[in-house]
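The next block holds one structure in the form of structure tokens; read it before the comments.
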Amino acid sequence: MSTPSNSDAKGPDHARGASSGGASRPRVSFQAPKGTRDLYPADAAKRRFIMEAWRSASVRFGFEEIDGPTFEHLGLYTVKSGEGIVSELFSFRRSGGEDDYALRPEFTPTLARMYAAMARQLPRPTKWFMAGPFFRAERPQRGRLREFLQWNADFIGLDVPDDASEDARMEARARADAEVISCCIGFLREMGLDASTIRVKVNHRHALSRWLESRSIPASRHTELFTLLDAKGKMKPEEFAQKLSAFGFTTQQAEIFQKGLIRVTIDNPPGAPTDEVLDLTFFSEAVAPLVRALTAAGVLDWIDFDLSIVRGLAYYTGMVFEVHEAGGKERAIAGGGRYDGLVELFGGPPTPAVGFGMGDVVLSLVLEDRGLMPTGTAMLDRTGIRPDCFVISNGTPEAGAQVARVVASLRSAGLHARHSYKATGNIGKLLKDAAACGARLAIIVESDTRATVKNLDSGAQQTDASLASIVESVRAAIR
RNA sequence: GUGGCCAUAGCUCAGUUGGCAGAGCACCGGGUUGUGAUCCCGGUUGUCGCGGGUUCGAGUCCCGUUGGCCACCCCA
């Protein structure tokens, strides 16, 4: 390791090896790439916990699991989002190849591609979910990394015939919208969150569009209004009101947009005569079926209707929503909406669809902050990796000789059995080892035929158990 | 892409005007009490993120670079 450096002869470009081997080597970084995570056992358990909960909620709500490639042709993403998206992607070309690829930054294009390819033979509606890694070339900060997990659930097509009336289709869209939102809420509820800590903010693009149309404001300016509403929080109220006046809204009306929230119940729909400042008739008509469907699903108490939620994406065509921690300090936990034109854009038949995505980064922050991320044996239980038993010797040679045999027979029987790798015969230290790994039972081998079975949760112990029937004893004790 | 702060043992951190690389916890071994604790003794752990520069001498000062945290931007 004391080889003299020959960097003088190699020049500065070769003097940067992280290795101390002496000979020049390519520069190697021993740090993980920016915005990625190394998952040690406790971290991997958290990931598994979240992934399993996502899967469980999806299955419970009748979604089927799919997945696609983690990289796609670069063009798949520029079709929807334009060339500007490229700087946000990890894109690459294989050495010697001619095609450009990109690590997937989102799932919707893959979903639309997969659906379009099979549309003729898929049931209506089709309900799909997936959860997996995604990649975005953004600068990391709180709640945002370059590699993260995302859960997607999508409801594609409607549960009515193609020739159904527009009213029937509107009701069907609202049912689908509500089912997707309910699935998201069902997961959050399972995590221990509730309507006082989490708010689901919902808006409907038809409401604003029809309001603008009624004022003869051309469609070309609708996007401009969406952008302005999206930027609401980043400007002073006076500036916001002044810009809003360009769309015919008064200062008083701007205050309603400023506050955003419209709390709605089934008995108190928006557009009631009490709303004198801003005529909410269009909003009311747009969301009334959705309010009914959310009520039927039992989740209306989680919902705030919020006129300022627009989502950045141009492709949303109806309901849009975001899920926020009630304190409003974190980034959005989840977001989604209706995108009725997207499947067609990817070569499929005209197909209404609604879905959402939820990342693991903000979710984890919220769960950790509220003490809802399991730790210790609770996490081992939730992820199914808690040891059933920990086999130790009482320190005598004849007992010590039996440990490996006992462990092997327990493992052959399908039990999760561990033992100590320590040299000590100190029973107190070995029990500490057993408790540290979260084992339910400790088996203290006492001789070449007998053992003590100790329940590490209760402290109760059964003495003089037979080694010959140890598997049955363990099964009985952990039942 | 822009800006601020930061990087020393496995973890949390100290390290004075530049002068021998440190503490607690953790971990490992031994001892005591046949039971997870307490206690006692001993021990391991360092490319001071990386690469240059200044200097007799750099963890410390300077430059660059990588990574982290935070804000802006963006947010599928």
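Chain A is the first sequence line, chain B the second, and so forth, proteins listed ahead of strands; every chain is numbered from 1. Keep in mind the model is a prediction, meaning the values are calculated, not measured.
Salt-bridge check for A:Arg144 with A:Asp360: failed, with every basic side-chain N at 4.0 Å or more from each acidic carboxylate O. Ion pairing between A:Asp43 and A:Arg48 fails under the 4.0 Å rule for side-chain N and carboxylate O.
At a threshold of 4.0 angstrom between heavy atoms, the contacts of A:Asp433 with the nucleic acid are absent. Contact annotation for A:Asp38: no contact, since no heavy-atom pair falls under 4.0 Å across all strands. In this structure, A:Leu430 reaches neither bases nor backbone, as no heavy-atom distance under 4.0 Å exists between it and the strands shown. If you check every strand for non-hydrogen atoms under 4.0 Å, A:Glu446 touches a base. Backbone-only contact: A:Gly35 has heavy atoms under 4.0 Å from sugar-phosphate atoms and none from a base.
Taking every side-chain heavy atom of A:Pro140 into account, B:rC69 is the closest of B:rC74, B:rC69, B:rU35. Ranking B:rC75, B:rG34, B:rG67 by closeness to the A:Ile444 side chain, first place goes to B:rG34. Here the side chain of A:Arg142 is nearest to one of B:rA71, B:rG68, B:rU35, namely B:rA71. Side-chain atoms of A:Asn394 lie closest to B:rG34 of the nucleotides B:rG31, B:rG34, B:rC70. Relative to the side chain of A:Leu431, the nucleotides B:rC74, B:rC75, B:rU35 differ in distance, and B:rU35 lies closest.
Nucleotide B:rG3 has B:rC70 as its partner under the Watson-Crick or G-U criteria, with both atom distances under 3.5 Å. Of the nucleotides present, none pairs with B:rG57 by Watson-Crick or G-U wobble criteria with both distances under 3.5 Å.
For A:Arg411, the CZ atom sits in a packed shell: over 12 heavy atoms of surrounding residues, nucleotides or ligands are nearer than 6.0 Å.
Taking atom CZ of residue A:Arg144 and atom P of nucleotide B:rC73, one finds them 10 Å apart after rounding to whole Å. Spacing between atom CG of A:Leu89 and atom P of B:rC75 amounts to 13 Å, rounded to whole angstrom units. If you measure from atom CG of A:Asn426 to atom P of B:rG34, you get 11 Å, rounded to the nearest angstrom. One interatomic measurement links the two molecules: CG of A:Leu145 to P of B:rC69, which rounds to 7 Å at whole-angstrom precision. At whole-Å resolution of the value, CD in A:Glu147 and P in B:rG67 are 15 Å apart. In this structure, the CG atom of A:Asn455 is 12 Å from the C1' atom of B:rG36, given to the nearest Å. In this entry the distance linking CZ of A:Arg146 with C1' of B:rG1 reads 11 Å, nearest Å.
In the interface, the side chain of A:Arg136 is not paired with the base of B:rC74 through any donor and acceptor atom under 3.5 Å apart. Residue side chain A:Arg139 does not reach the base of B:rG68 through any donor-acceptor N/O pair under 3.5 Å, judged by distance alone. Remark: the A:Lys429 side chain and the B:rG30 base include a donor-acceptor N/O pair separated by less than 3.5 Å.
Note that A:Arg113 lies outside the cation-pi zone of A:Phe346, set by a 6.0 Å cut-off to the ring centre and a 45° limit from the axis.
The side chain of A:Lys454 contributes no N or O atom lying less than 4.0 Å from OP1 or OP2 of B:rG36. Side-chain N/O atoms of A:Gln141 include one lying less than 4.0 angstrom from OP1 or OP2 on B:rA71.
Rounded to whole Å, the separation between the C1' atoms of B:rG46 and B:rG4 comes to 30 Å. Nucleotides B:rG22 and B:rU8 are separated by 10 Å at their C1' atoms, to the nearest Å. Spacing of P atoms, B:rG52 relative to B:rU60, comes out at 14 Å, to the nearest Å.
A centroid separation of less than 6.0 Å is found between the aromatic rings of A:Trp151 and A:Phe356.
The side-chain heavy atoms of A:Asp154 and A:Lys127, taken from C-beta on, include no pair separated by under 4.5 Å.
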